[in-house]
Amino acid sequence: MNGSGIANERAAGECGGRGALAGIRVLELAHIMAGPVCGRMLADMGADVVKVEAPGGGDPTRALVPLEGVDTSGAFVMMNRGKRGIVVDLKGEEGRGVVRRLLARCDVVIENFRKGVMEGFGLGYESLRAANPGLVYCQITGFGRTGPLAEHGGFDLIAQGMTGLMSVTGEGPGRPPVKCGPPLTDITAGILGAMGVLAALYSRERKGVGQRVDTSLYEAGLVQTFWQSAVALATGESPGPLGSAHPLAAPYEALPTADGWITIGGWNQVNWLRLLDALDLGDLADDPRFATNDARMKNQAALREVLARRLRTATSEEWLQRLERASVPAGPVLSMLEALRHPQTVAREMVVTVGQGGEAVETLGMPVKLSEAPGAMGRGAPRPGEHTEEVLGEYGFDEGEIAQLLRLGAVGRFKA
């Protein structure tokens, strides 16, 4: 293994020793969401991810609504299961020295502080790579490391507003701006960060050196606007909100039935004709308003009215059965719990159980399945400082050093 390349067998064994990234050591100096999502993705693939938290409250997501019967936030478990946890006080030189020693033997570090914070701690990329040329240094910020907003902090809400997402989300023109329900830019930035880390690790195998990975919530928002950006760049005009409709194709949206809503993807000509057959609306095939996708887009309101009138004559289940027989892409609009309990979710192992504080807790599973190197998700989220002594020992600290660091308050351990 090139670069830092220190594969710790004990750590890999304790983390299951499974997954494509088994033996890769990751130090997560990140909090709340984007950075922890990145760390979680790597942990799922077998990396030994050690989460560093500050003394006191630790990651702010710990303070969110706790799980029923478990003294831990469900949000914290969701983002941090599969990791080990240590407590280090980065405000003091002793604590920063601990992190430097850890990073000298790590493959990857993840951080999502504002630009300049890590440099202020003496933990910037340039200084760390001098001690560890193979280090992959992943930075996830609000707006990236360059540009006029590089110094600004960022939150998902602000990123959604500034990247155009809120301008195209909602019921239609004249309505208040609406953000996407999930924290889209936080999650996407974490995934982009993990993608960058994997590319950097692959590059290190060939070139022998690590590199900086730089992404942001801002870029994560923009990358979600492929269709809307295509319209804007091609026409010089900004598209607006369309509800559930598509900006380039119709019909492709949620439509009402007698007892709820279903989604229908009948925009290409083959599916459009199949849809008309399934709905017994064959006469619309010769209607010039709907003859082509371009015509349907120009007459979208009329199209929606015709389809909704017909769909309201039967239940969602009745229509979905008919559309399935006709090979028209369609599906129900499910609640969150309905989606989590759906047989497809179960079959794809997208809800898994981990141990958390002596309890069994459900969390989301791995969205990427590898046939030859599956990951392992038996470990829950760490309690504050749960693995401090264990991790420091693995990284070369002797018992006397650890005891001294604990006395100084430079590091902390879990107290039941």
Side-chain angles (χ1 to χ4, degrees), residues 33-34 37 112 114-115 140-193 195-196 214-256 261-269 271-272 288-308 329 331 333:
M33 197 162 201
V37 166
N112 63 345
R114 283 193 186 208
K115 182 183 177 183
I140 305 175
T141 56
F143 296 93
R145 298 189 67 258
T146 57
L149 299 180
E151 308 290 338
H152 289 226
F155 286 95
D156 173 72
L157 175 66
I158 286 77
Q160 286 205 32
M162 292 186 66
T163 57
L165 288 172
M166 289 177 66
S167 75
V168 297
T169 303
E171 295 178 343
R175 303 290 292 171
V178 176
K179 83 174 186 70
C180 177
L184 192 66
T185 66
D186 268 323
I187 296 170
T188 303
I191 295 171
L192 292 176
M195 180 183 74
D214 170 19
T215 192
S216 69
L217 274 63
Y218 190 73
E219 286 152 303
L222 288 172
V223 82
Q224 291 286 349
T225 69
F226 282 152
W227 291 131
Q228 288 77 14
S229 290
V231 171
L233 294 172
T235 67
E237 297 181 1
S238 297
L242 297 170
S244 63
H246 197 284
L248 299 173
Y252 191 93
E253 61 185 295
L255 292 163
W261 292 77
I262 61 174
T263 55
I264 295 177
W267 70 272
N268 71 48
Q269 207 61 17
N271 284 332
W272 167 245
R289 297 175 300 167
F290 312 131
T292 65
N293 180 62
D294 183 57
R296 291 191 291 274
M297 286 299 297
K298 291 176 180 176
N299 296 281
Q300 203 166 20
L303 174 64
R304 184 179 298 119
E305 182 180 348
V306 170
L307 295 179
V333 177

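Along the sequence shown, the residues carry numbers beginning at 1.
- L303 places none of its side-chain heavy atoms less than 4.5 Å from the side chain of R289.
- Counting heavy atoms from C-beta outward, P329 and N271 have side chains that approach closer than 4.5 Å.
- Nearest heavy-atom pair, R296 versus P251, reported as atom, atom and distance to 0.1 Å: NE-CD, 3.9 Å.
- Between L165 and T185 the shortest side-chain heavy-atom distance falls below 4.5 Å.
- Atom CG of D156 and atom CD of Q160 lie 4.5 Å apart (nearest 0.5 Å).
- Under the rule for a ring-ring contact (aromatic ring centres under 6.0 Å, His included), H152 has no partner lying at least two apart in sequence or in another chain.
- Between atom CG of residue L222 and atom OG1 of residue T188 there is a gap of 11.5 Å, rounded to the nearest 0.5 Å.
- Applying the salt bridge (Lys or Arg N to Asp or Glu O under 4.0 Å) criterion to R114, with sequence neighbours excluded, gives no partner residue.
- S216 places a side-chain N or O within donor-acceptor distance of the main-chain N or O of E219, the cut-off being under 3.5 Å.
- Closest approach of S167 to P241, counting heavy atoms only: O-CD, 3.1 Å.
- Residues Q300 and H246 come closest through the heavy atom pair NE2-O, 3.9 Å.
- Annotation for W267: atom CH2 does not count as buried by contact number, only 12 or fewer foreign heavy atoms lying within 6.0 Å.
- A donor-acceptor pair under 3.5 Å links the side-chain atoms of Q269 to the main chain of A291, judged by distance alone.
- Nearest heavy-atom pair, P247 versus Q228, reported as atom, atom and distance to 0.1 Å: CG-NE2, 3.8 Å.
- Atoms CG and CD1, on D214 and I140 in that order, are 10.0 Å from each other to the nearest 0.5 Å.
- At least one side-chain heavy atom of L157 sits under 4.5 Å from a side-chain heavy atom of M166.
- Side-chain atoms of V178 and E171, non-hydrogen and from C-beta on, never get closer than 4.5 Å to each other.
- The two residues T169 and C180 come nearest to each other via the heavy atoms CG2-N, 4.3 Å.
- Atoms CD1 and CG, on I191 and D186 in that order, are 11.0 Å from each other to the nearest 0.5 Å.
- Aromatic ring orientation, F143 versus Y218: tilted (interplanar angle from 30° to 60°).
- Nearest heavy atom pair, residue A150 against residue K115, reads O-CB, 3.6 Å.
- The distance from the CD1 atom of I158 to the CG atom of L149 is 12.0 Å, given to the nearest 0.5 Å.
- Looking at T215, its side chain never comes within 3.5 Å of a backbone N or O of L192 through a donor-acceptor pair.
- Under the side chain to side chain contact (heavy atoms under 4.5 Å, CB included) criterion, E305 pairs with R309, sequence neighbours left out.
- Side-chain contact between P183 and M33 is present, with heavy atoms from C-beta onward closer than 4.5 Å.
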